[in-house]
Amino acid sequence: MATVVLKDINKIYPNGFQAVYDANIEIQDKEFVILVGPSGCGKSTTLRMLAGLEEITSGDLYIDDKRVNDIHPKDRDIAMVFQNYALYPHMTVYDNMAFGLKMRKTPKDIIEKQVKEAAQILHIENLLDRKPKQLSGGQRQRVALGRAIVRHPKVFLFDEPLSNLDAKLRVTMRAEISRLHTKLQSTMVYVTHDQTEAMTMGDRIVVMKDGFIQQIDTPMELYNNPNNMFVAGFIGTPPMNFHPVSLTGDKLTEKGINLTPTPEQLAKLKEYGSKNIVFGVRPEDFTFEENPTNSINAVIEVVEPLGSETILHVRLDSDSNMVLKADPTKQFSVNQSIKLGVVISKCKFFDATDKVDPTGKSENPCIV
């Protein structure tokens with residue numbers, strides 16, 4: 001398969017709008033890398049530059065150590081799976097999957113062999129004579145995947161391929177694509193705005209915002225050690241809760257909030273020197289013991305029983321809100337006053353002064 005390297009890639013449109021700033025990504029052979037971020041963050045533009053569908057304004061793109069900036073898309077040995085499937089409606093499934101090979105003048109016997117192999121991998125052997133309008137959304141997506149597989153490309157590119165599917169089918173197709181990666185042992189680059197897809201599928205995740213790469217790391221490293229508030233809040237479902245606190249002596253306090261950071265956390269907070277701190281706690285890191293050392297006063301506003309867990313939406317004394325996960329065997333009621341504890345060692349603390357580094361990419365950096 002192939003390595004993919006982006007070096008100082010920028011994209012500026014004729015109207016002056018810059019969609020991507022100094023993107024540097026090294027994708028290893030057989031790696032599954034996810035580009036994730038909110039709409040307009042530059043992830044799809046980055047993928048389209050990799051595919052050759054968007055011109056690179058500056059920087060260098062390498063596939064297998066070969067600079068491909070000026071190489072036509074069809075000669076880059078990549079295959080792309082689009083959000084809208086991009087199937088030919090007048091062709092059968094077989095002809096859709098075979099089309100790219102026919103354009104390359106591939107012998108008929110090889111076309112038939114590769115199409116049938118791909119159909120077998122994707123369990124669509126019984127659909128080869130049908131046309132796209134006779135297929136469900138999931139079946140169409142499998143055909144689009146099959147069309148990419150038959151070409152045996154160096155790199156597979158996916159542009160939000162599951163966004164048109166319903167929630168249950170998305171879960172199924174996530175697993176299908178992960179199994180496909182394991183089976184093919186190929187290099188894959190996948191764009192999504194869904195952080196659950198990113199967390200469950202990727203070897204590494206590239207988090208983007210406003211055209212800047214915020215952090216590149218493994219799913220669990222992003223989850224446990226985010227660079228800044230944006231990454232911390234984007235990765236995780238429900239997202240991390242944030243609240244401003246003030247450092248006074250060895251305590252972090254705010255109305256109804258009393259926290260005692262660990263010695264390591266306190267040392268780093270004091271070394272950092274900022275008195276304006278944002279406290280971050282994930283929904284699963286609350287506790288419900290009596291008289292907790294680290295406490296937050298709250299009133300329950302919404303109770304969402306989900307079977308395996310209960311989601312609580314609470315209002316703090318400061319009139320701000322937090323979301324937390326609770327044991328489903330415990331009983332909670334709306335308007336119930338509770339004193340929450342937190343697992344302080346798992347909490348994060350960010351600079352509340354909204355510092356931005358010279359590249360413009362790091363807002364509210366993580367202190368500890």
Side-chain angles (χ1 to χ4, degrees), residues 1-6 27 29-33 44 46-56 60-135 138-161 173 176-177 179-191:
M1 289 297 163
T3 58
V4 178
V5 178
L6 291 78
I27 301 170
D29 184 30
K30 303 177 184 177
E31 191 174 21
F32 196 147
V33 169
S44 287
T46 301
L47 191 79
R48 290 175 64 83
M49 286 191 287
L50 207 165
L53 303 177
E54 290 276 3
E55 187 177 342
I56 296 170
D60 299 295
L61 173 63
Y62 297 90
I63 298 178
D64 259 357
D65 299 324
K66 180 181 180 181
R67 189 176 184 275
V68 298
N69 290 47
D70 303 316
I71 293 178
H72 194 275
K74 69 180 178 63
D75 298 321
R76 294 190 183 192
D77 201 6
I78 53 95
M80 191 159 178
V81 179
F82 295 91
Q83 179 179 348
N84 61 357
Y85 319 132
L87 302 177
Y88 297 106
H90 62 286
M91 292 184 184
T92 63
V93 167
Y94 181 96
D95 289 334
N96 265 284
M97 291 172 65
F99 184 75
L101 297 177
K102 289 178 179 177
M103 291 297 98
R104 287 170 171 73
K105 305 288 193 260
T106 305
K108 283 186 177 181
D109 59 331
I110 294 177
I111 291 176
E112 183 171 358
K113 178 176 179 288
Q114 292 183 190
V115 168
K116 288 186 175 178
E117 281 179 356
Q120 189 173 15
I121 290 170
L122 295 164
H123 309 295
I124 55 173
E125 306 102 305
N126 61 329
L127 304 179
L128 293 176
D129 294 329
R130 297 189 192 180
K131 292 188 176 178
K133 67 180 180 181
Q134 299 171 295
L135 306 177
Q139 289 170 334
R140 291 179 192 180
Q141 193 54 273
R142 282 186 170 88
V143 175
L145 287 169
R147 185 176 54 191
I149 291 170
V150 296
R151 291 180 45 202
H152 296 169
K154 286 183 176 179
V155 183
F156 286 89
L157 307 179
F158 298 85
D159 191 7
E160 304 206 38
M173 288 304 297
E176 288 283 343
I177 293 173
R179 277 196 288 267
L180 188 63
H181 176 250
T182 301
K183 186 176 183 67
L184 298 179
Q185 287 292 290
S186 51
T187 305
M188 293 185 173
V189 186
Y190 187 108
V191 161

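Basis for what follows: all heavy atoms, side chains included, without hydrogens, waters or symmetry-related copies.
Y190 and F32 have tilted rings, their planes meeting at an angle from 30° to 60° on a 0 to 90° scale. Using the six-membered ring where Trp is involved, F158 and F156 have ring planes that are parallel, under 30° apart on the 30 and 60° scheme.
Not one N or O on the side chain of R142 forms a donor-acceptor pair closer than 3.5 Å with the backbone of M173. Between the side chain of N96 and the main chain of T92, a donor-acceptor pair closer than 3.5 Å is present. Here the side chain of Q120 pairs no donor or acceptor atom with the backbone of E125 at under 3.5 angstrom. A side-chain donor-acceptor contact under 3.5 Å links R76 to the backbone of L50. Listed for the R130 side chain is no donor-acceptor partner under 3.5 Å among the backbone atoms of L135. Looking at Q114, its side chain does come within 3.5 Å of a backbone N or O of V150 through a donor-acceptor pair. Of the possible polar contacts, one joining the D29 side chain to the A2 backbone as a donor-acceptor pair under 3.5 Å is found. A donor-acceptor pair under 3.5 Å is formed between the side chain of H181 and the backbone N or O of S186. Not a single donor-acceptor pair under 3.5 Å links the side chain of R104 to the backbone N or O of R151.
When each of K102, M103, M97 is paired with F99, the side-chain contact (heavy atoms from CB on, under 4.5 Å) condition holds for M103 and for no other. Considering T3, V5, T187 in turn, T3 is the only one that fulfils the side-chain contact (heavy atoms from CB on, under 4.5 Å) rule with D64.
Atoms CE and CZ, on M80 and R48 in that order, are 6.0 Å from each other to the nearest 0.5 Å. Note that NE2 of H90 and CG of L87 are 11.5 Å apart. Values are rounded to the nearest 0.5 Å. Interatomic distance, CZ of F82 versus CG of L53, reported as 5.5 Å (0.5 Å rounding). We find the CG-CD1 distance between L184 and I121 to be 5.5 Å, quoted to the nearest 0.5 Å. Taking CG of L157 as the start and CE of M188 as the end, the distance is 10.5 Å to the nearest 0.5 Å. Distance CD1/I56 to CG/N69: 4.0 Å, rounded to 0.5 Å.
For Q134, the CD atom counts as densely surrounded, since its 6.0 Å shell holds more than 12 non-hydrogen atoms of other residues, nucleotides or ligands. The number of heavy-atom neighbours closer than 6.0 Å to CG of N126, taken from other residues, nucleotides and ligands shown, is above 12.
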Subject >> Steps toward salt bridge (charged side-chain N to carboxylate O under 4.0 Å, His left out) verdict (K116, E112) >> reply: CA-CA 6 Å; K116 288 186 175 178; E112 183 171 358; 2.9 Å; yes
**OP:** Begin with the C-alpha distance, continue with both residues' side-chain angles, and end with the deciding distance and a verdict on side-chain contact (heavy atoms from CB on, under 4.5 Å) for I110 and L101.
**Re:** CA-CA 9 Å; I110 294 177; L101 297 177; 5.9 Å; no
Original post:
Can you list the steps and then say if L6 with M49 is a side-chain contact (heavy atoms from CB on, under 4.5 Å)?
Top reply: CA-CA 10 Å; L6 291 78; M49 286 191 287; over 6 Å; no
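Between Q139 and L127 there is a side-chain heavy-atom pair separated by less than 4.5 Å. For the pair L61/V4, a side-chain contact is recorded, criterion being any heavy-atom separation below 4.5 Å from C-beta on. The shortest side-chain heavy-atom distance between D129 and V93 does not fall under the 4.5 Å cut-off. Side-chain contact between D77 and I63 is absent, with no heavy atoms from C-beta onward closer than 4.5 Å. At least one side-chain heavy atom of V143 sits under 4.5 Å from a side-chain heavy atom of I124. Side-chain contact between R147 and V81 is absent, with no heavy atoms from C-beta onward closer than 4.5 Å. Looking at K133 and P89, their side chains never come closer than 4.5 Å, going by heavy atoms from C-beta outward. When side chains are defined from C-beta on, I149 does not count as touching E117, because their heavy atoms never get closer than 4.5 Å.
The minimum heavy-atom distance linking R67 with D70 is given by the pair NH1-OD2, 3.6 Å. Shown here for P161 and I177, the closest heavy-atom pair between the two residues is CG-CD1, 4.5 Å. Contact between A79 and P153 at its shortest, heavy atoms only, is CB-CG, 3.5 Å. Of all the heavy atoms in T106 and I111, the pair that sits closest is O-CD1, 3.3 Å.
For the residue pair S44/D159, the side-chain donor-acceptor check at 3.5 Å is satisfied.
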